[in-house]
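A quick write-up on the structure given underneath.
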Amino acid sequence: MRSHRCGDLRVDDVGKEVMLCGWVDRRREHGEHLAFIDLRDRSGVIQVVVQGAADLRSEYVLQVTGKVRERPSETVNDSLDTGGIEVEGSEVIVLAESEPPPFPIDDRTDVDEVLRLRHRYVDLRRSRLQNNLQSRALVTSSVRKAMEEQGFMEVETPMLVASTPEGARDFVVPSRKDPGSFYALPQSPQIFKQLCMLGGVDRYYQIARCLRDEDLRADRQYEFMQLDIEASFVNGEDIRNIVSSAVAVATEAVTGEKITTIPSITWQEAMERFGSDKPDVRFGLELVELTDLFKSTEFRAFQAPCVKGIRVPGGAEFSRSRLDELTDKSQNWGAKGLAWIKIENSEMVSPIAKFLSEEEKSSLKAEMSGEEGDLLLLVADEWSTVCHVLGLVRLEIGRPPINEGGFHFLWIIDFPLFEGTDENGNPSSSHHPFTMPHKDDLALLEDGETEGIRSLAYDLVLNGWELGSGSVRIHRQDIQQRIFTALGIEPDEARKRFGFLLDAFKFGAPPHAGFAVGLDRLTAILVGEENIREVIAFPKTQSGSDPLTSAPLPIDDRHLKELGLKVLPPST
RNA sequence: GGUCCUGUGGUGCAGUUUGGAGUGCACGCCGCCCUGUCAAGGCGGAGGUCGCGGGUUCAAAUCCCGUCAGGACCGCCA
């Protein structure tokens, strides 16, 4: 139906007879004698000149036959790639008419997102999404190539799997043949990729769809894509090098930026300095350790296991309402309060100034390198609360837009093996129960310790977003048994929950390790989008609905009955 | 489960603080004019459940309560 794409034509094509197809992007009519039509397809826009009246409207689909000609020099449009030429339309066929679109197909209008999602097929015509989807395709094709070149083999794993009690809430699929039983949709191919290693696949990868029924965020959808990787006879560093080169290839493909080495810091350091296990290192405002300084303070609020602060250069200008807002948020995030101190006219100006001794004030200023005009923000509490809250305060105050400051990849290593406790008071795995403990901490595990044990788990972080995580897996049954014991999982229970996997490990398990990279997030950051919905063709809203198809929807009773299901009335 | 923000012709906004006639701006739409525009231009016109429900008031887009939808975040996400 067409000989060329609109945006591909150049001055070299002058004189050619072409046939183009596309949408009416914009029209400029000059009465019954002359009209200019900007014809748009995926490649771009070209001006079609029509002699005589043209009864065309926005978004009509046209097939245009005509000759490419150079524009008169005074009418060249430098802001268009095709601006030096135009097509003299000799025949214009309307392939489809269009009602006026529900919103403008341009880049200037910031349209309500529900409207965009309801008419996503129209939204997709806009260059923002066209470009984003193109970049997304570039990410997947380039990482595929990178993985293949490193000797990885793509293996597909099932979408209908057994539900496991670990991790996120599962999406479930009722079994028709076995009413009352359910498949789960995979949260990740974790088990299967490890089984691939048992199966001698050696180097596995997959661009895998993962599903988790947890509340959505700007960087979270129910379903998302991962570059999933597992390799045998490698250590964690090998895996990190493999992943580093894959994301570097993707970054260069999309942005042209070369990523050479990706620095590593330990989880401990990330928490101490940035109050986060996914630090955004594009800006300062690092946390300052102040616990010792207030060791014997008279001020009750600072008599806590941990005190840290952030120095905000120039922050003395913060208004009272801004500080109150920060305090409210800090409390919402779990702190008892947020202490603020302004350094004005060489004085420590603060509601709490009177509770601090002169010595405390001067050493605080020195410790935090406080200068005239600065604001000092302090939190005192348990170590984890202090880090968590100040980490969020830091982002609230200083975080730049996602597309500023380049691409700061960072490896976070030496995660703790356990974190928190479950409802029975047993420690929980911070990554998953098959994560290999750090070899230097194996002795602690022997002693029945759980606190302070590091694991061979690692995360990849980009500009403050967790891009993915992975670990060295346990391939020895004795160590696995120790972990289950530490987690309070009895042998019977372990057999029930992970029996098939434990069985598999009896038959010659190679040492292996793996990783998974969130491709929606990677793509979003590479194209400078704050929200992964902008790099997904058909995303869901924050409440998990799809305004286009109205999913989720009830199903009829006959269908329910066939599946052996009954819907309870909404609880009140 | 929680905190905060948003909802006004088809679209994007202003108006809400301090209640007084559906008032305004830009784009789009419809009609007419226009032979070199390119976010074309000129003239004219149509288009409104101010998300929804209730309350206060002589009077509510505006104040109060509730609710729905959307968004950001905390919890949650091995």
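Heavy atoms only: backbone and side chains are in, while hydrogens, waters and symmetry mates are out. Protein chains get the first letters and strands the later ones, always in sequence-line order, with residue 1 at the start of each.
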Base-pairing mate for rG12(B) - Watson-Crick or G-U, with both contacts under 3.5 Å: rC25(B)
D112(A), nearest nucleotide to its side chain (from rA72(B), rG12(B), rC77(B)): rG12(B)
Summary of protein contacts for nucleotides 35-46 of chain B, nucleotide by nucleotide, where a base hit scores B, a sugar-phosphate-only hit scores S (4.0 Å, heavy atoms): BBBBBB------
Sugar-phosphate, base or nothing in reach of S545(A), heavy atoms under 4.0 Å: sugar-phosphate
Nearest-angstrom distance, P atom, rC30(B) to rU67(B): 43 Å
Main-chain N/O of G84(A) paired with R10(A) side-chain donor or acceptor, under 3.5 Å: no
Phosphate-side-chain proximity, R533(A) and rA72(B), N/O vs OP1/OP2 below 4.0 Å: yes
Q477(A) and Q481(A): side chain donor to acceptor below 3.5 Å: no
F505(A) and H512(A) aromatic ring geometry - parallel, tilted or perpendicular at 30°/60° bounds: tilted
Side-chain N or O of T109(A) closer than 4.0 Å to phosphate OP1/OP2 of rU11(B): no
Between P of rG75(B) and CG of L216(A), the distance in whole Å: 16 Å
Rounded distance (Å) that lies between atom P of rC77(B) and atom CG of D459(A): 14 Å
Any N/O donor-acceptor pair, D215(A) side-chain to rG75(B) base, under 3.5 Å: yes
Length of the line joining R126(A):CZ and rU11(B):P, which is rounded to integer Å: 13 Å
Separation of rC77(B) P from I532(A) CD1 (nearest whole Å): 18 Å
Atom P, compared across rC64(B) and rG19(B): separation rounded to whole Å: 11 Å
Rounded distance in Å between the C1' positions of rA39(B) and rA26(B): 12 Å
Between T157(A) and Q206(A), a side-chain donor and acceptor under 3.5 Å: yes
Flag, side chain of R521(A) to backbone of E466(A), donor-acceptor distance under 3.5 Å: yes
Who pairs with rG53(B) - Watson-Crick or G-U, where each distance is under 3.5 Å: rC65(B)
Partner nucleotide, any strand, of rC77(B) [Watson-Crick/G-U, under 3.5 Å]: none
Rounded interatomic separation in angstrom, taking CZ from R118(A) and C1' from rU11(B): 14 Å
Counterpart base for rG41(B), defined by Watson-Crick or G-U wobble contacts under 3.5 Å: rC33(B)
Presence of S543(A) side-chain N/O under 4.0 Å of rG70(B) phosphate oxygens OP1/OP2: yes
Closest-nucleotide ordering on RNA chain B, the 5'-leading residue of P102(A) and S58(A): P102(A)
rU23(B) versus rU57(B) - spacing of their P atoms, nearest Å: 26 Å
Sugar-phosphate, base or nothing in reach of E325(A), heavy atoms under 4.0 Å: nothing
Check: rC76(B) base within 3.5 Å donor-acceptor of R212(A) side chain: no
Pairwise P distance for rC50(B) and rA60(B), with rounding to whole Å: 12 Å
Step-by-step side chain to side chain contact (heavy atoms under 4.5 Å, CB included) determination, F484(A) to E493(A): CA-CA 9 Å; F484(A) 283 144; E493(A) 177 71 9; over 6 Å; no
Pairing partner of rU3(B) (Watson-Crick or G-U wobble, both distances under 3.5 Å): rA72(B)
SB check R128(A) E534(A) (cutoff 4.0 Å): yes
d(CH2, W333(A); P, rC73(B)) in whole Å: 11 Å
Euclidean distance for C1', rG1(B) against rC76(B) (whole angstrom): 10 Å
Pairing partner (Watson-Crick or G-U wobble, both distances under 3.5 angstrom) of rG48(B): none
H388(A) side chain near rG75(B) phosphate (N/O to OP1/OP2, under 4.0 Å): yes
Under 3.5 Å donor-acceptor pair, R217(A) side-chain atoms to rG75(B) base atoms: yes
Distance between P atoms of rG41(B) and rU37(B) (Å, rounded): 12 Å
Sugar-phosphate, base or nothing in reach of T435(A), heavy atoms under 4.0 Å: nothing
Separation of atom CG in D328(A) from atom P in rC4(B), rounded to whole Å: 9 Å
Exercise: do E529(A) and N132(A) side chains pair donor with acceptor under 3.5 Å: yes
Heavy-atom donor-acceptor pair, D414(A) side chain to R454(A) backbone, under 3.5 Å: no
Euclidean distance, atom CG of residue D213(A) to atom P of rG1(B) [Å, nearest integer]: 13 Å
Salt bridge (charged side-chain N to carboxylate O under 4.0 Å, His left out) assessment of D123(A) paired with R120(A): CA-CA 5 Å; D123(A) 198 23; R120(A) 194 61 160 180; 2.8 Å; yes
Span that lies between the C1' atom of rU62(B) and that of rG70(B), in whole angstrom: 22 Å
